[in-house]
Amino acid sequence: MLVQESIGTAVDAIKANKLRSILTTLAIIIGTAAVIAMVAMGSSAQQALNDSITDLGARTIYVYPSSSRQGATNTSKVPLDIKDAIALSKDGEIPWQIAPEIRGSKQVKFKSENASLQIVGSTPDFFSIRGYELDSGKTFTENDSLARKRVVVLGSKVANELKTSSRALLNNEILINNISFKVIGTIKEEGAGWGPNPDEQIYTPLYTASDRIFGRETIGSINVNFPVEYSTEEVMIAIERILRREHDIGPGEINNFSIRDWGQALDLQRQATSIFFALIIGIASISLLVGGIGVMNIMLVSVTERTREIGLRKALGATQNTILLQFIIEAITLCLIGGFIGVILGTSIYFLIAFLQEWPIVFPLTAIIGSVTFSAMVGLFFGIWPARRAAKLDPAISLRYE
Amino acid sequence: MSIIKTENLVRHFAVGTQTVEALRGVSLDIDRGEFVAIMGPSGSGKSTLMNIIGCLDSPTSGTYHLNNKNVSTLDDDALALIRNHEIGFVFQNFHLLARNTALDNVMLPLKYAGIDKSEQEEIAMEVIKSVDLESRAHHQPSELSGGQQQRVAIARALVNKPSILFADEPTGNLDSKTGDDVMNLFTNLHKQGQTIIVITHEIEVANQAERIISIKDGKIFEDQKVLK
């Protein structure tokens with residue numbers, strides 16, 4: 001009952017000094033708003049990252065060439081070869097899909113339009129591994145590759161680059177390096193993600209690319225897609241075993257290729273994002289602490305101003321604990337009011353930014369509960385000292401305080 | 001039967017490096033139902049004496065029995081309990097909570113006594129009626145006249161049915177007409193058996209009591225019945 005009474009008294013006292021109370025809680029408001037907005041934006045960013053992992057296909061690893069280091073000297077880079085991809089394909093231990101990539105920038109012509117575009121040569125599996133969907137026409141086949149057929153599948157924005165439409169290009173001929181190729185299909189818009197934009201690339205069968213466009217057997221990377229039953233480590237070890245054999249790497253020598261798991265990279269990205277937001281939350285928490293000191297200051301003023309009231313309350317039978325409770329509740333109420341305004345402000349800011357940035361919206365419930373609890377704790381912590389001063393006041397002296 | 005019995009009350013205050021002797025041995029007996037005025041010039045120690053017998057302060061030495069209970073050695077919280085149950089205070093400047101209504105002000109001691117919320121209002125309203133302020137119960141002090149404010153304060157002092165009603169210069173901030181009203185109220189309460197102690201420096205006020213104790217230099221200087 002006394003708690004209820006104290007809350008009423010606290011609200012009255014705060015109402016009586018509206019401007020002062022608002023100014024006092026300003027730091028609490030800013031702190032809470034910042035914490036909530038930051039935590040929510042952090043969750044949104046994580047959510048966006050998680051979504052992009054699913055886009056990429058978390059079950060794909062990539063093999064790249066790398067220079068093997070022997071002591072301080074770099075040996076020359078040993079390229080990956082189509083034979084490496086074949087060796088991986090033939091190994092039956094893990095039922096994986098292998099898609100080597102041979103890529104480079106080439107001059108592409110359609111009628112009088114010219115553009116420099118990325119050409120990617122790969123196997124038919126490439127589209128399913130990358131999750132690219134056909135928009136019109138068809139994709140090339142294994143036989144197209146073996147026959148070195150001059151066929152291409154276009155990314156959705158290639159037509160733009162050539163100042164025409166996908167429809168106009170389909171079943172027509174385009175020139176790559178002045179050799180004509182037939183457009184047999186287009187893929188749907190994928191959107192830029194990690195690495196080169198898939199929508200601005202031209203896809204062609206592996207052997208067509210190596211023989212007719214690039215004139216080399218070396219490839220840029222190998223996509224390895226594997227079933228979920230196998231762990232990333234297991235697959236990496238298998239790849240390493242096969243490629244070390246192919247590249248004739250003796251025991252104790254270092255790999256001249258590298259195996260990368262973009263999931264790992266995303267984990268790193270995720271960590272970096274968390275650290276960034278944790279830092280801002282840390283700064284915002286300092287604002288809450290500063291707010292707490294402001295509350296303590298104003299509570300000390302309040303105790304002094306209300307010395308006679310405290311004296312009277314004691315004269316009428318209030319014990320030290322009753323007075324202590326009254327002033328602590330007042331400090332907590334002050335902080336909670338700031339906290340609630342901060343919640344509204346922070347959530348609004350977050351919704352606005354998330355809306356403008358087209359981020360996935362995550363309702364920051366934990367952040368709201370957390371920061372409101374924290375501001376109440378701030379009130380409790382910084383209210384104790386002024387409240388103790390009030391509780392210890394001598395009733396006889398404080399009644400006569402002018 | 002004495003309700004207040006003090007023996008050789010001494011109260012020292014440290015002021016800087018000096019010690020001020022506010023009370024230098026006060027022994028007095030006040031019986032249940034008495035109407036006593038304590039008089040003295042400022043600095044005489046009458047306020048200190050009131051603080052001690054009102055349980056707002058403790059003596060440096062000497063003993064004080066209130067209702068046969070030694071209260072001179074009690075701690076802060078125990079004294080708060082006694083003030084709540086046994087003593088009603090009326091002050092010169094009323095000491096009402098400005099943001100609360102008359103009714104809320106009168107209910108305050110009941111809250112500290114832990115009386116059920118449902119009963120608080122009923123009890124408080126009863127006392128407000130007895131001081132003729134029923135129509136002003138839901139007004140804030142700023143909407144009341146000085147005399148009305150003092151009657152609210154008296155209602156608040158009486159609400160816990162205290163053994164002793166203390167009034168410290170109760171007419172000091174009132175004009176003579178409303179001052180007389182307040183004193184008449186005290187006289188009526190006294191007739192109903194209420195023990196009343198009034199601290200004053202006005203002889204007209206003191207003469208309303210049945211006994212006057214004069215304090216000078218921290219000692220009882222004179223203690224006499226008022227002839228009516």
Side-chain angles (χ1 to χ4, degrees), chain A residues 1-21 301-330 333-334 337 387-402, chain B residues 11 13 22 47-59 75-101 104-120 140 153 156-157 159-160 162 166 168-169:
Chain A
M1 192 189 314
L2 272 173
V3 172
Q4 209 183 352
E5 159 78 8
S6 299
I7 293 172
T9 311
V11 171
D12 281 345
I14 291 163
K15 268 194 213 155
N17 290 302
K18 276 193 206 78
L19 180 65
R20 187 169 88 180
S21 305
V301 171
S302 181
V303 168
T304 308
E305 274 180 356
R306 287 154 67 191
T307 300
R308 292 204 316 171
E309 177 196 321
I310 296 160
L312 172 79
R313 287 177 183 275
K314 292 191 106 178
L316 298 183
T319 58
Q320 292 196 1
N321 281 340
T322 310
I323 301 289
L324 190 76
L325 188 72
Q326 183 191 331
F327 279 87
I328 286 180
I329 285 179
E330 194 168 321
T333 308
L334 202 57
I337 290 174
R388 276 180 63 87
R389 263 176 72 153
K392 296 267 180 217
L393 283 176
D394 183 320
I397 294 169
S398 37
L399 269 171
R400 286 184 172 71
Y401 183 86
E402 295 298 329
Chain B
R11 182 68 168 104
F13 290 106
S47 293
T48 308
L49 179 61
M50 181 211 150
N51 286 342
I52 292 173
I53 57 182
C55 293
L56 290 166
D57 194 9
S58 297
D75 68 10
D76 209 39
D77 282 351
L79 286 176
L81 198 70
I82 289 185
R83 290 194 294 269
N84 186 252
H85 291 314
E86 307 284 351
I87 297 164
F89 289 100
V90 175
F91 303 96
Q92 178 174 3
N93 43 17
F94 325 133
H95 272 311
L96 298 176
L97 297 182
R99 291 186 295 272
N100 295 24
T101 62
D104 282 334
N105 269 288
V106 175
M107 277 161 60
L108 199 55
L110 297 171
K111 283 174 182 155
Y112 292 137
I115 305 283
D116 268 6
K117 201 167 175 69
S118 53
E119 288 175 51
Q120 284 177 13
Q140 293 199 337
R156 182 181 63 192
V159 78
N160 267 352
F166 267 98
D168 185 6
E169 305 277 6

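Since we're looking at a predicted model, the values are computed, not measured. Convention: sequence-line order gives letters A, B, ...; per-chain numbering from 1. Only heavy atoms go into these numbers, but all of them, side chains included; no hydrogens, no water, no symmetry mates.
When heavy atoms are compared at a cutoff of 4.5 Å, B/Asn160 does not approach chain A at all. Looking at B/Asp104, neither its backbone nor its side chain comes within 4.5 Å of chain A, counting heavy atoms on both sides. Residue contact with chain B, scored on non-hydrogen atoms closer than 4.5 Å, is absent for A/Ile397.
A distance of 5.5 Å separates CG of A/Leu312 from CG of B/Leu97, quoted to the nearest 0.5 Å. Rounded to the nearest 0.5 Å, atoms OG1 (A/Thr319) and CG (B/Asn84) are 9.5 Å apart. The CZ atom of B/Phe91 lies 4.5 Å from the CG atom of A/Leu399; values are rounded to the nearest 0.5 Å. Here the CZ-NZ distance, from B/Arg99 to A/Lys15, works out to 10.5 Å after rounding to the nearest 0.5 Å.
Within the 4.5 Å cutoff, the side chain of B/Asn51 has heavy atoms near those of the A/Arg400 side chain.
Annotation: maximal heavy-atom pairing with chain B below 4.5 Å, among A/Arg313, A/Glu309, A/Lys392, occurs at A/Arg313. In terms of non-hydrogen atom pairs under 4.5 Å with chain A, the most contact-rich of B/Asn100, B/Ile82, B/Asp76, B/Ile87 is B/Asp76. Put simply, of A/Gly311, A/Ala396, A/Ala315, A/Gly8, the one with the most heavy-atom pairs under 4.5 Å next to chain B is A/Ala315. Interface summary for chain B: among A/Pro395, A/Gly317, A/Ala16, the most heavy-atom pairs under 4.5 angstrom belong to A/Gly317.
When all heavy atoms of B/Asp77 and A/Gln320 are compared, the closest pair comes out as OD1-N, 2.9 Å. Minimum interatomic distance between A/Asp394 and B/Leu56 (heavy atoms only, all atoms of both residues): OD1-O, 4.0 Å. B/Ala80 approaches A/Ala318 most closely through the heavy-atom pair CB-O, 3.6 Å.
By the 6.0 Å contact criterion, CZ on A/Arg308 is enclosed, its count of non-hydrogen atoms from other residues, nucleotides or ligands being greater than 12.
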